Amino acid sequence: MGAPVTKATNYRVAPEVTRALGLEHGLTDGEYDRVVEHLGRTPTFEELGVFSVMWSEHCSYKSSRVHLGRFPTTGPRVLQGPGENAGGIDIGGGMAAIFKIESHNHPSYIEPYQGAATGVGGILRDVFTMGARPIANMNSLRFGRADHEKTPFLLGGVVAGVGGYGNSVGVATVGGEAHFDAGYDGNILVNAFTLGIVAHDKIFRASAAGIGNPILYVGSKTGRDGIHGASLLASSEFKEESEQMKPTVQVGDPFTENLLIEACLEAMAGDDIVAIQDMGAAGLTSSSVEMASRGGVGICLDLDKIPLRDESVTPYEMLLSESQERMVVVAKQGREDNLREIFERWGLDCVPVGIVTDDGRFRATYRGEEVASIPVDALTDAAPAYNRPIAAPDKPAGEALDLGAIKEPTDLTATLTRLLASPNLCSRAWIHEQYDCYVGANTLVRPGGDAAVVRVRETGGGLAMTTDCNSRYVELDPYIGAQHAMAEAVRNIAVTGGRAAAMSDCLNFGNPEKPEVMWQFSRAIDGMSEACNFFGTPVVSGNVSFYNDTLGASIPPTPVIAMVGLVKDARTTATIAIEKPDQIVVLLGSGEPELNASEYLSVVHGCTGDRPPALDLEAERQLAELCARVIERGHVSTAHDLADGGLAIAIAEMCIAGPGIGCDIDITVADRFDTALFGESGARVLMAIDADGIDSVETEAAELGVAMTRLGSTGGTRLRIAAQGAMLVDAAVNDLHEAWSTALPKIAAGA
Amino acid sequence: MKWGVLHFPGSNDERDTIYALESVLGYHARLLWHGDRNLADCDAIVLPGGFSYGDYLRCGALARFSPVMEAVADFAKSGGPVLGICNGFQVLCEAGLLPGALVQNRGLKFRCVPATLTVENNTTAFTLGYEDGAQAVIPIKHGEGCYVADQSTLAEIQDHGQIVFRYTSNPNGSIDDIAGVCNREGNVVGLMPHPEHAVDPLTGVTDGQPLFRSVDQWKQAA
Amino acid sequence: MDFVARVYVVPKPAILDPQGKAVETSLHSLGYEEVGDVRLGKYIEVKLSGDGAAGVEARVEEMCRRLLANEVIEDYRFDVETA
Amino acid sequence: MDFVARVYVVPKPAILDPQGKAVETSLHSLGYEEVGDVRLGKYIEVKLSGDGAAGVEARVEEMCRRLLANEVIEDYRFDVETA
Ligand SMILES: Nc1ncnc2c1ncn2[C@@H]1O[C@H](COP(=O)(O)OP(=O)(O)O)[C@@H](O)[C@H]1O
Ligand SMILES: [Mg+2]
């Protein structure tokens with residue numbers, strides 16, 4: 001003990017550490033033994049807290065690590081693969097794109113506004129920590145049934161939170177996705193993505209170095225928020241009691257984040273910083289431990305120096321707090337004042353709280369007492385890793401489809417209208433109109449189409465980005481389903497004129513202790529890995545979210561793909577909108593529509609089928625190349641891929657997105673009308689092309705071996721779809737627009 | 001012409017405004033820090049959009065006390081052209097340099113959509129370049145853009161031609177569809193829509209260009 | 001001496017209060033039919049020190065006028081208590 | 001009988017209150033150095049009818065829990081008066 005302290009100023013609370021307390025902290029018996037072994041003694045209370053968060057599923061990836069190694073993570077463009085705060089790729093002109101997607105599922109279910117908001121805040125920090133200025137956000141959302149009683153509250157809160165944070169912090173939210181499915185009734189998904197750009201030689205890595213270098217604490221003060229928040233919440237099943245974990249709720253302060261971005265970027269532009277890292281899940285502990293581990297050094301923290309919101313915060317709480325908008329900086333010795341000057345000008349705290357040491361230990365002192373001293377290794381490399389049992393489910397998901405029992409609707413116009421107003425196909429405008437998509441002055445293709453495209457001024461080109469996952473497909477076949485998600489992402493990028501370059505992923509799954517969940521997980525990774533190799537799109541960052549279970553039921557497996565592509569020239573992009581009459585409408589690609597697993601089957605007939613549509617990766621690749629080429633060359637500026645809802649939905653969306661111009665098309669129907677109109681498949685794209693551009697597209701298509709069919713032309717104000725002369729659909733674009741655009745506001749209002 | 005663009009903590013569109021002014025429109029433009037007490041010989045001042053001081057308490061309420069705002073008030077009084085965009089408009093209202101106030105959208109939600117405006121007064125420093133009654137498409141993006149004023153203020157600004165822009169289709173519940181107003185002299189203008197995001201053909205429409213160009217005419221006439 | 005000032009800021013009656021209206025509608029739809037008008041304002045708790053209540057009140061009045069309320073759209077009142 | 005309920009909702013003490021913090025900083029820079037902690041919450045005035053204060057209070061309590069406050073991050077209190 002150091003100098004005698006009075007009780008009023010010493011807030012160390014240190015209950016006796018026992019195995020039972022270890023178990024309460026979420027450690028298993030075996031893990032507790034290993035803790036004792038690593039230390040050669042019983043841990044202190046603070047050390048127990050540190051082990052429990054560092055070894056949590058969320059921080060240690062203990063169930064997923066053995067599988068993630070299968071992802072291809074290298075390639076000619078990769079500047080930074082997984083392992084840092086975010087991944088990075090070369091985008092030409094000496095510039096890099098830094099990006100990552102991350103989950104904030106459980107916090108968003110407990111408090112949707114703050115959960116979503118702090119999710120956005122966290123992913124932004126992961127990106128600007130690397131030295132990159134964030135220029136685009138996306139969000140991938142899953143809610144329960146549209147008519148579930150909690151859905152309006154959760155939807156409203158999450159969207160307001162994403163917008164509330166992103167708009168205020170000043171980064172454009174340019175895209176995302178939102179789906180409704182009963183499988184998420186008790187466990188919604190909120191995945192947030194950020195992309196930033198930085199010059200190659202300005203990329204920062206969070207690796208502590210330089211024995212004796214000071215460690216600075218920057219940003220908001222530490223409070224009690226989120227003790228065991230993200231880490232433990234995301235590391236166990238969701239139970240009724242979880243809703244009681246209210247002290248774990250974190251509140252975001254986008255204003256401080258905005259200042260933090262500017263101040264950090266300014267500080268990183270100088271030469272005073274060795275490493276910088278945000279305090280994310282498990283706060284101060286995991287940020288310092290990770291920096292120490294990457295640099296192969298030790299870190300010693302003086303907890304008396306931590307800026308506190310409330311003086312009674314204990315050392316245990318300081319180590320575990322997940323208060324937002326905080327960073328840890330390793331400064332060069334003697335440069336602290338330069339840094340303090342910058343941060344203070346932005347109104348931010350910047351205080352030395354420790355030093356880099358050579359003993360390879362994570363140490364923390366409080367009031368002259370050492371409250372923690374742990375080998376860094378024990379917390380990182382030597383953290384538990386489990387090869388959990390894997391078993392395919394006894395019976396396959398879904399039920400075999402008996403097409404004979406699926407009655408074809410008599411009024412296909414009514415069916416189309418109904419589908420356009422269904423929860424998963426209706427307009428997302430209610431969502432993205434709550435997001436500022438203009439700020440930054442770089443948004444070339446705004447939300448509402450396929451991928452979003454953002455300009456890169458330094459290169460004159462652009463970056464296309466999209467998030468995708470059809471979890472029904474994945475549930476029916478995790479391998480093919482995950483590949484469909486990738487193919488759709490590649491297609492979404494291609495139809496805006498980009499070429500998919502690399503990706504991040506957020507693997508949202510159920511309880512990994514269930515062998516069937518691990519089977520889904522492992523199969524999805526295999527499928528994605530194969531597709532990554534095939535498309536040449538390595539995984540540069542990502543996140544795993546397990547334990548998405550409520551009351552024993554797992555969510556549908558949801559490996560969300562966040563794909564980033566390069567657009568050569570900011571002046572040549574395409575959108576889905578039909579802007580002109582008298583253009584020729586063509587269908588490219590040879591995917592054969594199927595009813596199995598389609599949105600139509602689920603909405604109109606209430607069943608799912610038993611497998612996703614067939615997938616042809618080679619066809620996808622050729623089709624994507626064709627789209628990028630013809631758009632790049634300026635032959636085409638209207639293109640849209642076919643995904644959920646099939647051909648009829650896609651063409652309707654193209655009419656709706658423009659000024660109201662209709663089109664007349666005639667399709668060849670082999671079998672059933674509903675299959676032709678609403679069946680789903682991979683590898684199909686629609687384009688509307690000027691008459692004088694059609695030959696060029698035809699030539700390119702022939703060269704790449706992509707089938708091209710002329711379907712009809714644009715014009716008038718009605719969408720007409722005929723098959724071999726018989727009119728199947730005949731609707732005013734205005735009416736379709738009305739059905740499509742009013743559906744989501746009704747869901748949000750609980751109407 | 002040299003433009004000064006204020007930078008409060010929490011401003012978001014200040015760099016976009018500089019980009020619009022310099023790279024698209026070819027003016028000189030510079031950032032002015034909220035703690036500065038002079039305007040560095042700028043010929044026109046923009047208060048940009050964003051969330052100054054987090055927009056905590058009320059939008060624009062905390063920014064109006066920044067040291068730089070005293071200089072802006074003097075500049076405005078001496079007839080210098082001052083433009084408040086979105087949050088900048090809110091700051092000007094809070095500072096009493098423009099009449100009225102902005103409150104939460106009637107729909108209670110942030111809205112980011114293109115809005116069509118009618119130019120109601122084309123004699124101000126920022127509208128000389130528009131035809132009288134011209135329409136312009138300029139995006140809005142705000143949660144608190146509902147313009148309010150009491151009856152007497154409303155009558156007064158109506159009588160003095162201080163209503164500068166109206167929405168053709170009201171997106172936020174503003175009284176009388178008001179999207180922008182000016183002071184009596186017409187040198188201080190505030191509007192909720194974002195003209196700086198309506199100048200570059202690559203990112204959308206260009207209907208915001210005349211707004212900035214108007215200042216050239218205003219200066220010449222002065 | 002330590003005081004706490006409690007400041008209540010409400011939209012002026014002439015100013016529409018869409019948030020209050022929304023709360024009212026929600027309360028009705030939750031079955032609280034006895035509810036009439038709802039107004040939604042701000043509640044600000046300020047801890048401060050001073051020599052006596054009168055002096056503190058004068059200061060708080062000034063804070064309200066300068067910062068805490070915007071008299072174009074809001075009314076305010078407050079009370080001061082020793083903490 | 002007509003009543004008015006005044007509901008005060010404030011962020012829980014352990015929860016970050018960035019608004020309150022910002023107001024605090026602003027008051028300091030305006031020269032109110034005597035100001036300590038500031039918390040910013042909501043003030044809700046609900047007009048309602050009922051047979052007696054006790055019944056009305058029970059109803060208001062329920063409204064607070066169900067709608068007016070978010071107990072995950074906020075505390076509330078209220079008083080009821082005849083209007
Ligand atoms: N949560 C969201 N946030 C922002 N934009 C969204 C969101 N959900 C959907 N969008 C936008 O709506 C459009 C349609 O989305 P989606 O149907 O998922 O496209 P696709 O089928 O091409 O993947 C896209 O532009 C998408 O970015
Ligand atoms: Mg698409």
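All of these numbers come straight from a predicted model, not from anything done at the bench. To find a chain, count down the sequence lines: A is the first, B the second, and so on, and within it residues start at 1.
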*Proximity breakdown for C:L67 and chain D, heavy-atom pairs closer than 4.5 Å*: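 Interface part for C:L67: side chain.
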*Non-hydrogen atoms of chain D under 4.5 Å away: do they reach the side chain of C:V10, the backbone, both or neither?*
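Only the side chain of C:V10 comes within 4.5 Å of chain D.
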*In terms of heavy-atom pairs under 4.5 Å with chain C, which of D:A5, D:G36, D:G41, D:G20 leads?*
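Sorted descending by pairs with chain C, the first entry is D:G41.
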Show the pairs of one donor and one acceptor atom, one from chain C and one from chain D, lying under 3.5 Å apart.
residue	atom	partner	partner atom	Å
C:G31	O	D:R59	NH2	3.4
C:Y32	OH	D:E62	OE2	2.5
C:Y32	OH	D:R66	NH1	3.2
C:E34	O	D:S49	N	3.1
C:E34	OE1	D:R59	NH2	3.0
C:E34	OE2	D:R59	NE	2.6
C:E34	OE2	D:R59	NH2	3.4
C:G36	N	D:K47	O	2.6
C:D37	O	D:K47	N	2.9
C:R39	N	D:E45	O	2.9
C:R39	O	D:E45	N	2.9
C:G41	N	D:Y43	O	2.6
C:G41	O	D:Y43	N	2.9
C:Y43	N	D:G41	O	3.0
C:Y43	O	D:G41	N	2.7
C:Y43	OH	D:R77	NH2	2.7
C:E45	N	D:R39	O	2.9
C:E45	O	D:R39	N	3.0
C:K47	N	D:D37	O	2.9
C:K47	O	D:G36	N	2.6
C:S49	N	D:E34	O	3.1
C:R59	NE	D:E34	OE2	2.7
C:R59	NH2	D:G31	O	3.4
C:R59	NH2	D:E34	OE1	3.0
C:R59	NH2	D:E34	OE2	3.4
C:E62	OE2	D:Y32	OH	2.5
C:R66	NH1	D:Y32	OH	3.2
C:R77	NH2	D:Y43	OH	2.7

*Return the set of residues passing side-chain contact (heavy atoms from CB on, under 4.5 Å) with D:A22 (not counting sequence neighbours), or none when no residue passes.*
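For D:A22, the residues satisfying side-chain contact (heavy atoms from CB on, under 4.5 Å) (neighbours in sequence not counted) are B:Y56, B:L62.
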*asked:* Looking only at heavy atoms and a cut-off of under 4.5 Å, which of C:L27, C:V9, C:L68 has the most pairs with chain D?
replied: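 That would be C:L27.
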